[in-house]
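Note that the structure is a prediction, hence the values are computed from the model and not measured. Note on naming: letters A, B, ... go to the chains in the order of the sequence lines (proteins, then strands), and numbering restarts at 1 for each one. Any value given below was found using the heavy atoms of this structure, including those in side chains, with hydrogens, waters and symmetry copies removed.
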Amino acid sequence: MAWPSIFQRGTLLSQFSHHHVVVFLLTFFSYSLLHASRKTFSNVKVSISKQWTPSAFNKTLEPVEVWSSNHLFPNAEEATLFLGTLDTIFLFSYAVGLFISGIVGDRLNLRWVLSFGMCSSALVVFVFGTVTEWLHFYNKWLYCCLWIVNGLLQSTGWPCVVAVMGNWFGKTGRGVVFGLWSACASVGNILGACLASSVLQYGYEYAFLVTAAVQFAGGVIIFFGLLVSPEEIGLPGIEAEENFEEDSHRPLITGAENEDEYEPNYSVQEGSAITQVKAISFYQACCLPGVIPYSLAYACLKLVNYSFFFWLPFYLSNNFGWKEAEADKLSIWYDVGGIIGGTLQGFISDVLQKRAPVLALSLLLAIGSLVGYSRSPNDKSINALLMAITGFFIGGPSNMISSAISADLGRQELIQGSSEALATVTGIVDGTGSIGAAVGQYLVSLIQDNLGWMWVFYFFILMTSCTILFISPLIVREICSLMQRQQAHILSE
Amino acid sequence: MSPCGPGSPSIRVSWAATLLLFLGVERALALPEVCIQCPGSVRNLSEVALYCKQTPGLMLYARCCLNQKGTILGLDLQNCSLKDPGPNFPQAHTAIIIDLQANPLKDDLANTFRGFTQLQTLILPQDVNCPGDTNAWNTVTFYTNSKTCQGQRNLCNSTRNTEICPENGSCVPDGPSLFQCVCADGFHGYKCMRQGSFSLLMFSGILGSTTLSISILLWGTQRRKTKASRTT
């Protein structure tokens, strides 16, 4: 029984009912829609900044009401600056929101929180983009306030969907399922881009209207269709299933060494699955083994990952002089690499039943690929290949920490029985990560302005090394337990 | 052909008033003040009077030459002691011929004639330049006491100004050496950025029915079997 998951793989697929498929698709698309509305905002930036500013002609054009009646900003540069500020504001409020919504999600019904988050955030986006335009009411402070609220509401999405997925998909095969599933952000980006570009000709307000309406519809569907856990329809929970599996009551993240940290107040109400489960507190969630190291590691890694998302098209058009639309298209390869990387590394970690060593190896290779990418020649296909490789080694681990590992952490042995920790833990990990990402956006622009692109890559390498540093205690522990298991296996034969 | 002899202006005014009664109160209210801001009537033998006589269906009213709809086609403001054409002047933007000679006008008329797209003949005092400079006119003729600017040129057609309007804008003349950028065919809205109109009804219909059917389907297959005790 050295590789139990391999033997179970055949039965794994047959274990999945149509409920599993529906849950997978519903959570996948609900997060895709949330991401799509974010992408819409970045895709209509040009139109919005045109709408907010008078015409840039040196001569006043007549009729004035058509060409220069809007004076929210004197020129497009300042409007772009403000839109960048809105991005930063959003990221910070999103990060703060993640901590809160995780806690809320564990205490209230995940379905209600997710559905409420999607519908209300859709309404805010609708007011932000459509109502203000219909009323011709442009106000900086209103925009800022709406975007802060939107960040808070959008943050309900991730902890809830990861928690629901964690409830349905046990740790056997979790790596590969979550790896595939974390393509939802990229699919959302594509969806948002398509929706926005198809209606942008009618005016940017319709881009917002369409994405907001679709997101609202998604929220309604979630409310009527989502089963947050197998227990809801009387199916056995995954803990119950896992308890039958030999060797697998040992959580993936924490080795047997953690048992000395065992505190009885974490694991209560054993064997009473029907009784009301109590959610753990924020402080307790932080104290769970692995939560803080992974949070800090994810802060560094998400910084690099998001910098790639936000700055890659700009870097490409700036450094190689490629057209912006082409650079946008090319940067999809980073996503592709990330999805493949996440799935493949998830699969390997499932087989090994240990995630940290896989992460560490991938991140070491990521440093190499960053060096390689920074020296990419001015050739689109080579650049795309290097980009995909970088995405494989950076996006992959990043996806894994934010989904599969978060689910592992929130479902570990110490809190079995009081399992309502998933959303809180996911919120903590992703919230810390988002703070890192928000700070990173600022730092990247600062470094790039003062020192140039090469130093941005050195900064990425530094941050990737920090990621390895933060998870190094876990790597050592997990490799030790792997060795022990191997020895025990040999001894038993 | 309206009669235009000496001693007849009062008759003509009353005739015009009767006509306006026929045309209704709205038009009577819209009777342009610019025609009566300066006392007297169109000078005999002036260019405006000549034009009004030659063209059928036109009549003189105070200082204006109007067509039957009450639109100003000619305006004779000569010898009115005008330093500037005054606030009511834009009412005459439909005019084909305007006479401003023998007035102490200041020489900055460029924006005064915004919207005067029909203007073909403009008579100015000798010392005042044609609005939009001589390039805006086909011919400029100098007389002892006046100057005639004849034939407006279309600025939009001039070859050196192909890129005169921003994206989706289309140039239309707006008076001597003036132009407007209106939205090109099919475009509308601020900066002419919008094209076509979004079918809100169809969109909400499709989205609403899709949402409804998926919701019912999922409720039926997924949530119907939930235990009431667990749905907290």
Side-chain angles (χ1 to χ4, degrees), chain A residues 18-19 22-23 25-26 46-48 50-57 59 61-70 108-109 111-112 133 136 199-207 209-210 213-214 216-229 231-235 273-274 276-277, chain B residues 111 114-115 155 161 163-175 178-184 186-200 203-232:
Chain A
H18 68 95
H19 295 299
V22 169
V23 165
L25 291 177
L26 278 180
V46 175
S47 296
I48 294 190
K50 272 188 190 167
Q51 185 75 38
W52 285 347
T53 52
S55 212
F57 264 53
K59 216 169 146 186
L61 289 169
E62 293 284 334
V64 173
E65 57 270 21
V66 170
W67 299 106
S68 36
S69 59
N70 291 347
L108 302 173
N109 190 319
R111 180 172 60 103
W112 291 357
E133 175 55 39
H136 294 286
V199 294
L200 197 55
Q201 54 163 333
Y202 304 117
Y204 80 92
E205 66 270 27
Y206 291 104
L209 184 134
V210 167
V214 173
F216 191 92
V220 172
I221 291 173
I222 288 289
F223 185 82
F224 288 110
L226 185 69
L227 290 166
V228 294
S229 68
E231 287 96 335
E232 259 196 324
I233 47 164
L235 291 176
I274 307 296
Q276 189 71 34
V277 276
Chain B
N111 274 310
R114 181 167 290 286
L155 193 68
N161 281 322
E163 295 289 309
I164 204 162
C165 281
E167 213 186 336
N168 302 341
S170 156
C171 181
V172 292
D174 194 27
L178 297 169
F179 66 92
Q180 261 192 332
C181 290
V182 296
C183 292
F187 292 93
H188 60 97
Y190 187 62
K191 292 189 184 173
C192 307
M193 286 190 289
R194 290 164 175 81
Q195 198 182 11
S197 64
F198 183 76
S199 171
L200 208 57
F203 172 73
S204 40
I206 292 172
L207 187 71
S209 51
T210 316
T211 310
L212 190 71
S213 40
I214 295 180
S215 295
I216 290 170
L217 180 77
L218 288 182
W219 178 267
T221 57
Q222 309 292 315
R223 286 207 63 83
R224 196 163 47 89
K225 289 174 271 177
T226 54
K227 296 179 192 166
S229 60
R230 296 291 301 168
T231 51
T232 42

- Task: Using non-hydrogen atoms and a 4.5 Å limit, figure out which bit of A:L26 sits close to chain B: side chain, backbone, both or neither.
- Result: side chain
- Task: With rounding to the nearest 0.5 Å, note down the distance linking CD in A:Q51 to CZ in B:R194.
- Result: 4.5 Å
- Query: Which region of B:F187, side chain (C-beta onward) or backbone (N, CA, C, O), has a non-hydrogen atom less than 4.5 Å from a non-hydrogen atom of chain A, or is it both or neither?
  - Reply: neither
- Item | Interchain contact, B:L200 with chain A, by part (heavy-atom threshold 4.5 Å) | side chain
- When every non-hydrogen atom of A:T53 is compared with those of B:K191, the smallest separation belongs to O-NZ, 2.8 Å
- Note on the structure: Applying a strict 4.5 Å limit to non-hydrogen atoms, the region of B:R224 in contact with chain A is neither
- Message: Measuring only between side-chain heavy atoms, which start at C-beta, is B:Y190 closer than 4.5 Å to A:S69?
- Response: yes
- Message: Once rounded to the nearest 0.5 Å, what's the spacing between atom CH2 of A:W67 and atom CD of B:Q180?
- Response: 11.0 Å
- Message: Within the 4.5 Å heavy-atom criterion, are A:V22 and B:L218 side-chain neighbours or not?
- Response: yes
- Task: Can you measure from CG (A:L200) to CE (B:M193) and round to the nearest 0.5 angstrom?
- Result: 9.0 Å
- Okay, A:F216 and chain B: the region with an atom under 4.5 Å from a heavy atom over there is neither
- Note on the structure: Applying a strict 4.5 Å limit to non-hydrogen atoms, the region of A:V66 in contact with chain B is both
- Message: Only pairs of heavy atoms separated by less than 4.5 Å count here; which of A:P63, A:G218, A:G203, A:S47 has the most with chain B?
- Response: A:P63
- Query: If every non-hydrogen atom of B:R223 is compared with every non-hydrogen atom of A:L226, which pair is closest and at what distance?
  - Reply: NH1-O, 2.6 Å
- Could you state the interatomic distance from CD1 (A:I221) to OG (B:S213), rounded to the nearest 0.5 Å? 8.0 Å
- Choice from B:Q195, B:R114, B:H188, B:Q222 maximising heavy atom contacts with chain A below 4.5 Å: B:Q222
- Item | Among the listed options B:C181, B:G208, B:G169, the residue most often paired with chain A at heavy-atom distances under 4.5 Å | B:C181
- Reported CG-to-CZ distance for the pair B:L217 and A:F224, which is rounded to 0.5 angstrom: 13.5 Å
- Quick one: OH on A:Y206 to CZ on B:F203, what's the gap to the nearest 0.5 Å? 11.5 Å
- Item | For chain B, the option from A:N70, A:V220, A:V23 that forms the most heavy-atom pairs under 4.5 Å | A:N70
- Looking at B:S215, B:G196, B:G189, which has the largest count of heavy-atom pairs under 4.5 Å with chain A? B:S215
